[in-house]
Amino acid sequence: MTVSVDCHRRVTGVFGIPVRYRRRRGSAHRSNSSPPMGQNDAVPFLLLIEDDDAIRTALELSLSRQGHRVATAATGEDGLKLLREQRPDLIVLDVMLPGIDGFEVCRRIRRTDQLPIILLTARSDDIDVVVGLESGADDYVVKPVQGRVLDARIRAVLRRGERETTDSATFGALVIDRSAMTVTKNGEELQLTPTELRLLLELSRRPGQALSRQQLLRLVWEHDYLGDSRLVDACVQRLRAKVEDVPSSPTLIRTVRGVGYRLDAPA
């Protein structure tokens, strides 16, 4: 199913019936098909923050059909309130929201939580994407959104937190425990998003080896459209801020000019 998000276009509902756009600052609500938290925990629980009624309803229906439980909010303020009440597995966040926009919502979430966040943006302009990624988003999808594409991106992000084999790697003061899916520095656990953790895991499997941005896109994000290399660059920037002693002069995650990145043991 394709969900159009162009506010100047007519949208067709799931049964071919035209859907009229309405915009309102509604309150957060839970999908009727979503059981309370604690029940059916194997099913991914999503929080969708989208102000357009037609788009929100269509995405909620599509994601529910794909096997997700979905709670929805129409504003950033309502979404943050709902997040305090119940913790989802992942947040799908529209950029253009009334009141506080999606960038600010993302920043506020990142101050206290490393939940996966996928941005919905109506424009593919570099500046919008870069601002969103630097705000802490794990991925982005450009509108109009295909339900199956969004579902694939959601499942790819959720897989990044899955446990792996029981081994660990040490890079100076940095210890990566793959069985526990934790990273510590000087004995203190670092708070990484699932995407940051997966990127570090992939680099640590090949110490000293340069990996191209396209290789990292395939390994971490599970797609390899080269135009999305900014996903890699933004994630590396956020990761360096957490693992490096001096992020502006990295000694662990090195840039290989014209290629990509590699993880080195400190000298």
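Index from 1, following the sequence. The figures here come from the full heavy-atom set of this structure, side chains too, leaving out hydrogens, waters and symmetry mates.
Scanning all heavy atoms of the two residues, the minimum distance from His223 to Leu231 falls at CE1-CD1, 3.7 Å. Heavy atoms only, all atoms of each residue included: Leu59 and Val145 are closest at CD2-CG1, 4.2 Å. Taking every heavy atom of both residues into account, Gly79 and Ile49 meet most closely at CA-CD1, 3.7 Å. When all heavy atoms of Pro88 and Phe45 are compared, the pair lying nearest together is CA-CD2, 3.2 Å.
Members clustered with Val256: Val259, by chain and number, using a 4.5 Å side-chain heavy-atom cutoff among hydrophobic residues.
Every residue two or more places apart in sequence or in another chain that forms a side-chain hydrogen bond (donor to acceptor under 3.5 Å, both in side chains) with Thr255 is listed here: Arg240. Applying the side-chain contact (heavy atoms from CB on, under 4.5 Å) rule to Pro116 yields the partners Leu90, Asp138, Val157, Pro194; only residues at least two apart in sequence or on another chain are considered. Partners of Thr57 according to the side-chain hydrogen bond (donor to acceptor under 3.5 Å, both in side chains) rule, which considers only residues two or more places apart in sequence or in another chain, do not exist here. The salt bridge (Lys or Arg N to Asp or Glu O under 4.0 Å) search around Asp113 returns Arg87, not counting sequence neighbours. In terms of the side-chain hydrogen bond (donor to acceptor under 3.5 Å, both in side chains) criterion, Gln66 has no residue partners (sequence neighbours excluded). Under the salt bridge (Lys or Arg N to Asp or Glu O under 4.0 Å) criterion, Arg153 pairs with Asp139, sequence neighbours left out. Every residue meeting the side-chain hydrogen bond (donor to acceptor under 3.5 Å, both in side chains) condition with Arg107, not counting sequence neighbours, appears here in chain and number order: Glu104.
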Give the table of side-chain donor-acceptor pairs shorter than 3.5 Å for residues 130-137, with sequence neighbours excluded, one pair per line with atom names and distance.
| from | atom 1 | to | atom 2 | distance (Å) |
| --- | --- | --- | --- | --- |
| Ser135 | OG | Val131 | O | 2.7 |

Report, one line per pair, each donor and acceptor closer than 3.5 Å where one atom sits in a side chain of residues 184-191; sequence neighbours left out.
| from | atom 1 | to | atom 2 | distance (Å) |
| --- | --- | --- | --- | --- |
| Lys185 | NZ | Val243 | O | 3.1 |
| Lys185 | NZ | Glu244 | O | 3.4 |
| Lys185 | NZ | Asp245 | OD1 | 2.8 |

- [ ] Check the pair Asp53 / Arg56 against salt bridge (charged side-chain N to carboxylate O under 4.0 Å, His left out), numbers first and verdict last.
- [x] CA-CA 5 Å; Asp53 291 349; Arg56 187 175 62 251; 2.8 Å; yes

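Side-chain N/O atoms of His68 and Asp151 include a donor and acceptor closer than 3.5 Å.
In this structure, Arg69 does not pair ionically with Asp89, as no charged nitrogen and carboxylate oxygen lie closer than 4.0 Å.
Between the side chain of Asp177 and the backbone N or O of Ala180 there is at least one donor-acceptor pair closer than 3.5 Å.
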